[in-house]
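Working notes, beginning with the structure itself.
Just so you know, these numbers use all the heavy atoms, side chains as well, and skip hydrogens, waters and symmetry mates.
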Amino acid sequence: MPPMPPMGPQKGQGGPGSRAANRVNGEKAKDAKQTLKKLIAYIGRNKYLFFSLLGVMLIITLLNLAVPSIQQVAIDYITIDDEKLSVDFDNLIKTLVVLGVVYILLSVFTYLQGIFSARLSQYTVKTMRHDMFEKLVRLPIKYFDTHNHGDLMSRMSNDVENISTTISQSIGSLISGVLTVVGSFLIMLFYSPLLTLISLSTIFLTIFVSGLMTKFMRKYFVKQQVILGEIDGQVEETVTGYRTVAAYSKEKDSIEKFNQMSDELRHCGIMAQICGGAMGPLMNCISNFGFVLIAAFGGWMTIKGSITIGTIQAFILYSKQFSRPINEIANQYANIQTAIAGAERIFEVMDSEPEKDNGTADFHLENVKGDISFRNVDFGYIDGELVLKGLNLDVKNGQKIAIVGATGSGKTTIVNLLTRFYDINGGEITVDGVNLYDIPKDELRKSIAIVLQDTVLFLGTVEDNIKYGREDAELDEVKRAAAHANADEFIERLPQGYSTILTEGGSNLSQGQRQLLSIARAVLADPKILILDEATSSVDTRTEMHIQSAMVSLMKNRTSLIIAHRLSTIRDADKIVVIDNGVVAEQGSHEELIAKKGCYYNLYQTQFAGHKT
């Protein structure tokens with residue numbers, strides 16, 4: 001059976017995750033260098049695209065480096081001797097033709113750079129999305145209980161898209177920048193070591209200023225991404241729970257809450273963009289100061305006869321090429337910081353500890369009997385707060401066991417532990433005598449089917465949703481499962497029958513119809529162990545009768561655990577187990593427990609006799 005929908009902590013027992021906690025975590029100082037290493041590793045996964053882009057950028061750099069030297073040669077063909085202008089037109093025209101060819105080649109290879117950059121960026125983010133989604137579906141249930149779902153979706157969409165944009169716009173500049181800096185420096189050194197030293201003096205000032213600005217701005221870019229994730233979470237909550245919002249007339253409160261978060265994002269975004277935008281002008285100012293120094297010292301050297309005017313012109317161009325990559329990075333600093341902040345958030349998910357599975361036992365679905373045993377089991381969702389305290393429970397093959405108790409007593413927790421959505425703190429759980437932690441999770445969950453109170457249906461056809469129980473099933477098998485679940489009648493009345501498209505969550509069906517589909521899904525999965533968690537608590541009495549009839553058929557020859565608040569639905573159970581304060585308070589048949597006049601008797605009287613205890 002496919003992975004089952006998550007059942008989080010019971011009300012009041014959930015993990016400590018919250019938006020505030022996420023924000024604090026999001027703003028902690030991260031290792032930007034390590035993030036860049038991981039990001040570069042992703043960029044380098046497609047070696048063909050990467051080295052193609054690298055080759056194109058090498059050619060572009062060489063062509064750009066050739067331009068000032070060609071211009072210098074052209075200028076030096078124009079001379080003044082004894083106040084008489086002299087021009088070598090033949091060589092000047094040849095040189096200008098060469099210069100024209102270089103510019104044409106630059107245009108062609110720049111176009112190729114755009115193509116390779118776009119393909120590399122899309123390949124990179126596709127790989128990141130795949131890896132992140134693959135990691136998400138393998139994370140433990142606890143992770144989703146303690147992280148805002150909207151924030152996780154924001155990481156998958158907004159953060160990844162920011163990385164895509166930055167790679168597409170910046171990767172070529174970064175590669176070209178490194179090659180240009182090295183090439184320009186060597187040529188400048190060849191022309192004039194003294195002017196090179198003067199040019200380098202401004203580089204140290206550039207590095208110092210950019211370092212200070214980086215420390216100041218980084219917090220705004222990280223915070224911006226975190227708030228954006230919070231806004232996505234707020235929108236998701238409002239859209240998903242809009243009926244409740246409207247029922248309680250909370251539209252105004254929702255708008256005010258959204259506007260407050262939006263204003264915070266606006267303020268943070270303005271600060272981030274102002275700081276990021278200031279980098280470019282600062283770097284340009286420092287570079288221009290360097291050009292003034294070069295022009296002044298170069299003019300003095302020309303007067304002395306050390307170099308020609310063409311050499312000064314070439315040197316100034318090489319100096320611009322030398323400082324240009326630094327200025328470009330400064331101008332794109334806002335985008336780069338946003339991408340790094342997003343990459344940190346993505347790698348934070350990827351680096352999370354996956355769901356552990358150390359099971360190596362020879363455990364296969366066809367051999368499962370369904371004997372279940374809990375021995376002195378301790379468990380708590382929060383450290384130091386136990387929900388189950390030394391719980392002992394035995395379920396025999398084929399038994400129908402009902403689990404009842406007050407809200408928060410630990411009923412659903414038992415199911416969470418049996419399906420290994422959470423790991424126990426102490427004790428032992430066995431299935432057919434095999435320790436739960438020795439059983440491969442995939443085999444364990446294939447042997448269990450679950451019908452929840454809140455039915456989970458997916459966007460797709462009715463057939464697809466039933467086949468979620470077993471994807472290789474034929475349509476005839478799907479129809480038989482629907483008939484066993486008493487769902488075939490209403491399915492046949494749908495516009496396209498089994499091909500009818502369900503909206504997300506199955507909102508175009510009634511609650512009872514959705515529940516019958518989930519039962520049909522469980523029938524198709526053909527589990528050895530069946531869990532019914534409040535499966536009829538959200539439907540009317542008439543619909544409950546249809547669902548009960550379907551469940552009776554489903555429970556035949558299977559070990560069944562039924563969690564119920566409506567005690568009328570479990571009177572015919574083989575054994576009723578009463579959970580109170582994390583332990584088994586009573587167990588027995590309905591008649592035996594009524595005769596004891598204990599916890600079960602009090603619950604029963606509260607529901608049917610109006611007696612308050």
| message | So, taking the atom named CD in Gln496 and the one named CD1 in Ile491, what distance separates them when rounded to the nearest 0.5 Å? | response | 13.5 Å
| Nearest atoms (heavy-atom pairs only) where Pro527 meets Ser447 | CB-O, 3.7 Å
| message | Minimum heavy-atom separation for Ser409 and Ala406, please, with both atom names. | response | OG-O, 2.8 Å
| Counting distance only, does the side-chain N/O of Lys467 pair as donor-acceptor with the main-chain N or O of Glu474 below 3.5 Å? | no
| In Å, rounded to the nearest 0.5 Å, how long is the span from CG of Leu502 to CG of Leu494? | 7.5 Å
| request: Could you tell me whether a side-chain N or O of Asp151 sits under 3.5 Å from a main-chain N or O of His147, the two making a donor and an acceptor? | output: no
| said: Just to verify, what does Asp574 make a salt bridge (Lys or Arg N to Asp or Glu O under 4.0 Å) with, not counting sequence neighbours? | reply: none
| field | Spatial distance of atom CD (Glu353) from atom NZ (Lys142) [nearest 0.5 Å] | value | 12.0 Å
| field | Rounded distance (nearest 0.5 Å) linking atom CD of Glu344 with atom OG1 of Thr35 | value | 4.0 Å
| said: Show every side-chain hydrogen bond (donor to acceptor under 3.5 Å, both in side chains) that has at least one partner inside residues 124-137, sequence neighbours left out. | reply: Tyr42-Asp131, Arg45-Asp131, Arg129-Glu161
| field | side-chain hydrogen bond (donor to acceptor under 3.5 Å, both in side chains) against Ser121, all qualifying residues, sequence neighbours excluded | value | none
| task | Begin from the C-alpha positions of Leu436 and Thr430 and carry the test side chain to side chain contact (heavy atoms under 4.5 Å, CB included) through to its verdict. | result | CA-CA 5 Å; Leu436 202 67; Thr430 62; over 6 Å; no
Result block: side-chain N/O donor-acceptor pairs under 3.5 angstrom for residues 396-403, not counting sequence neighbours:
unit_1, atom_1, unit_2, atom_2, d
Gln399, OE1, Lys396, N, 2.8
Lys400, NZ, Asp572, OD2, 3.1

| said: Please enumerate all residues that pass side chain to side chain contact (heavy atoms under 4.5 Å, CB included) together with Ile40, with sequence neighbours excluded. | reply: none
| query | Can you find a side-chain donor-acceptor pair between Asn376 and Glu428 that sits under 3.5 Å? | reply | no
| request: Tell me, please, which residues at least two apart from Tyr498 pass ring-ring contact (aromatic ring centres under 6.0 Å, His included). | output: none
| said: Tell me whether Ser352 contacts the main-chain N or O of Glu348 through its side chain, where contact means a donor paired with an acceptor under 3.5 Å. | reply: yes
| task | Return yes if a side-chain donor-acceptor contact under 3.5 Å exists between Asn416 and Thr413, otherwise no. | result | no
| task | Report yes if the side chains of Asn425 and Val377 come closer than 4.5 Å at any heavy-atom pair, otherwise no. | result | no
| task | List the steps, then state whether side chain to side chain contact (heavy atoms under 4.5 Å, CB included) holds for Phe374 with Leu418. | result | CA-CA 9 Å; Phe374 286 71; Leu418 178 60; 4.3 Å; yes
| message | Quick check: do Thr559 and Leu530 have side-chain heavy atoms less than 4.5 Å from each other? | response | no
| said: Please evaluate residues Arg493 and Asp488 with respect to the criterion salt bridge (Lys or Arg N to Asp or Glu O under 4.0 Å), reporting the C-alpha separation (whole Å), side-chain torsions for both, the decisive distance (0.1 Å), and the verdict. | reply: CA-CA 9 Å; Arg493 292 196 301 269; Asp488 54 332; over 6 Å; no
| task | Walk me through it: do Leu444 and Thr419 pass the test side chain to side chain contact (heavy atoms under 4.5 Å, CB included)? | result | CA-CA 7 Å; Leu444 172 68; Thr419 52; 5.9 Å; no
| request: Evaluate the side-chain proximity of Ile450 to Val415: yes if any heavy-atom separation is below 4.5 Å, no if none is. | output: yes
| Candidate pair Ser499 and Glu463, rule side chain to side chain donor-acceptor pair (under 3.5 Å), full reasoning | CA-CA 6 Å; Ser499 298; Glu463 180 185 354; 5.0 Å; no
| query | Looking at residues at least two apart in the chain, or sitting in another chain, which of them share a salt bridge (Lys or Arg N to Asp or Glu O under 4.0 Å) with Asp351? | reply | Lys38
| query | So among Leu388, Leu391, Asn392, which one has a side-chain contact (heavy atoms from CB on, under 4.5 Å) with Val584? | reply | Leu391
| query | Rounded to the nearest 0.5 Å, how far apart are CG of Asn465 and CG of Leu459? | reply | 8.5 Å
| Got a sec, which residues hit side-chain hydrogen bond (donor to acceptor under 3.5 Å, both in side chains) with Asp371, two or more places apart in sequence or on another chain? | none
| Would you call Ile163 and Met128 a side-chain contact if the rule is heavy atoms closer than 4.5 Å? | yes
| query | Salt bridge between Asp253 and Lys257, side-chain N to carboxylate O under 4.0 Å? | reply | no
| query | So which heavy atom on Ile594 is nearest to which on Tyr601, and how close? | reply | O-CD1, 3.5 Å
| message | Show, in sequence, the C-alpha distance, side-chain angles and deciding distance for Asp432 and Lys369, and conclude whether the salt bridge (Lys or Arg N to Asp or Glu O under 4.0 Å) test is met. | response | CA-CA 6 Å; Asp432 292 346; Lys369 297 178 181 178; over 6 Å; no
| query | Side-chain contact, heavy-atom cut-off 4.5 Å: His590 with Ile576? | reply | yes
| Which residues pass the side-chain hydrogen bond (donor to acceptor under 3.5 Å, both in side chains) test with Glu586, sequence neighbours left out? | none
| Hey, mind stepping through Asn158 and Met153 against side chain to side chain contact (heavy atoms under 4.5 Å, CB included) and telling me if it holds? | CA-CA 8 Å; Asn158 295 328; Met153 288 188 287; over 6 Å; no
| task | Taking the side chain as every heavy atom from C-beta outward, state whether Val349 and Arg155 have any atom pair closer than 4.5 Å. | result | yes
| task | Could you tell me whether the side chain of Ser589 reaches within less than 4.5 Å of the side chain of Lys575, counting heavy atoms only? | result | no
| query | What pairs with Glu477 under salt bridge (Lys or Arg N to Asp or Glu O under 4.0 Å), at least two apart in sequence or on another chain? | reply | Arg470
| query | Of the non-hydrogen atoms in Leu152 and Met132, which two are nearest, and what is the gap between them? | reply | O-CE, 4.0 Å
| message | Quick check for you: to the nearest 0.5 Å, what is the distance between His484 atom NE2 and Ile519 atom CD1? | response | 13.0 Å
| query | Listed by chain and number, what are the salt bridge (Lys or Arg N to Asp or Glu O under 4.0 Å) partners of Asp423, not counting sequence neighbours? | reply | Arg420
| said: Could you report the tightest heavy-atom contact between Ile466 and Ala482, atom names first, then the distance? | reply: CD1-CB, 4.4 Å
| request: Not counting sequence neighbours, which residues clear side-chain hydrogen bond (donor to acceptor under 3.5 Å, both in side chains) with Asp394? List them please. | output: Ser373, Arg375
| query | Any side-chain heavy-atom pair from Val462 and Phe490 closer than 4.5 angstrom? | reply | no
| Applying the side-chain hydrogen bond (donor to acceptor under 3.5 Å, both in side chains) test to Ser518, which of Arg521, Gln515, Arg514 qualifies? | Gln515
| query | Nearest heavy-atom pair of Tyr437 and Asn435: which atoms, and what distance? | reply | N-OD1, 2.8 Å
